[in-house]
Amino acid sequence: MEKELQKYRAQKAKEYKESRWSVRRPTFSFGTKIFSNFVTEQNERSLHWLILFLKLLFWLVLWGFFVQIEFGTVFFILSMFYWVYVSMQAGSRKPWEPSPYSVFNENCEAIDGTLNAEQFERELKFGAGAVSGNSK
């Protein structure tokens, strides 16, 4: 049992490591992988941070321009709306993590902390202290 658990943990760690960089991995291919021999995992991480820094620098330059033409606040607010939109895109959840919406999970299982109808009914009838954490 212990060996199976170690195998399972090693497999999940490998999957996590592979999927961690697959979402934000910059690609340099135009039909073929030109830089595939030169890109290692360490180079990929540093490249990721470099690209992030350049994006931030570009945003600051644009913001400075819009401040000069007196639209700095509008640019900032629209940028924040864009940032919220981008951060809510698919791909941020790992493949093995359950969805916050129970209908998308296997067997419609709810995540911890979800208020379901049975729990709500028990709280109304018997008070909040009557609800145990093991109810389904």
Side-chain angles (χ1 to χ4, degrees):
M1 181 70 171
E2 193 67 31
K3 290 180 183 179
E4 291 176 12
L5 183 59
Q6 287 177 348
K7 275 186 188 177
Y8 176 77
R9 286 181 179 162
Q11 178 187 0
K12 286 298 178 184
K14 182 181 176 187
E15 288 175 4
Y16 174 73
K17 190 175 181 182
E18 290 172 357
S19 68
R20 195 168 122 193
W21 293 104
S22 65
V23 175
R24 298 184 191 104
R25 180 176 298 159
T27 57
F28 296 101
S29 60
F30 303 101
T32 61
K33 295 194 174 196
I34 298 170
F35 296 108
S36 63
N37 296 336
F38 304 108
V39 178
T40 63
E41 187 174 337
Q42 184 63 32
N43 290 343
E44 219 170 87
R45 288 182 187 163
S46 59
L47 186 62
H48 169 72
W49 286 109
L50 176 68
I51 290 173
L52 184 65
F53 173 74
L54 290 175
K55 285 179 181 180
L56 179 65
L57 187 65
F58 181 67
W59 183 85
L60 287 172
V61 168
L62 275 178
W63 188 39
F65 171 72
F66 278 96
V67 165
Q68 288 294 320
I69 62 171
E70 298 181 2
F71 277 98
T73 306
V74 174
F75 178 77
F76 183 80
I77 291 172
L78 290 177
S79 297
M80 293 304 109
F81 278 124
Y82 175 75
W83 179 70
V84 168
Y85 172 75
V86 168
S87 67
M88 293 174 61
Q89 295 298 312
S92 61
R93 188 173 55 87
K94 310 294 180 285
W96 60 85
E97 288 179 342
S99 171
Y101 304 103
S102 59
V103 295
F104 297 118
N105 294 333
E106 192 172 322
N107 299 327
C108 293
E109 293 179 14
I111 60 173
D112 292 337
T114 303
L115 179 66
N116 56 19
E118 294 84 15
Q119 178 185 354
F120 183 66
E121 186 177 357
R122 279 193 305 274
E123 286 180 6
L124 286 176
K125 287 182 180 177
F126 307 111
V131 178
S132 67
N134 299 340
S135 63
K136 284 199 175 189

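No hydrogens, no waters, no symmetry mates; every other heavy atom, side chains included, goes into these values.
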Donor-acceptor pairs under 3.5 angstrom involving side-chain atoms of residues 58-65: please list them, not counting sequence neighbours.
| from | atom 1 | to | atom 2 | distance (Å) |
| --- | --- | --- | --- | --- |
| W59 | NE1 | S79 | OG | 2.9 |
| W63 | NE1 | G72 | O | 3.2 |

For the pair Q11 and K7, evaluate side chain to side chain contact (heavy atoms under 4.5 Å, CB included) and give the outcome as yes or no after the intermediate values.
CA-CA 6 Å; Q11 178 187 0; K7 275 186 188 177; over 6 Å; no
Can you list everything that forms a side chain to side chain donor-acceptor pair (under 3.5 Å) with K125? Sequence neighbours excluded, please.
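Counting only residues at least two positions away or on another chain, K125 forms a side chain to side chain donor-acceptor pair (under 3.5 Å) with E121.
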The criterion is side chain to side chain donor-acceptor pair (under 3.5 Å); which residues satisfy it with E4, sequence neighbours excluded?
none
Got a sec, which residues hit side-chain contact (heavy atoms from CB on, under 4.5 Å) with L50, two or more places apart in sequence or on another chain?
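Per chain and number, L50 pairs via side-chain contact (heavy atoms from CB on, under 4.5 Å) with L47, L54.
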All side-chain contact (heavy atoms from CB on, under 4.5 Å) counterparts of L5, not counting sequence neighbours
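E2, R9.
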Same apolar cluster: [X] and [Y], side chain cutoff 4.5 Å:
{"X": "V67", "Y": "I69", "result": "yes"}
{"X": "M80", "Y": "V74", "result": "yes"}
{"X": "F75", "Y": "L56", "result": "yes"}
{"X": "Y85", "Y": "F81", "result": "no"}

For the atom pair CZ (R122) and CD (E118), what is the distance rounded to the nearest 0.5 Å?
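The CZ atom of R122 sits 7.0 Å away from the CD atom of E118.
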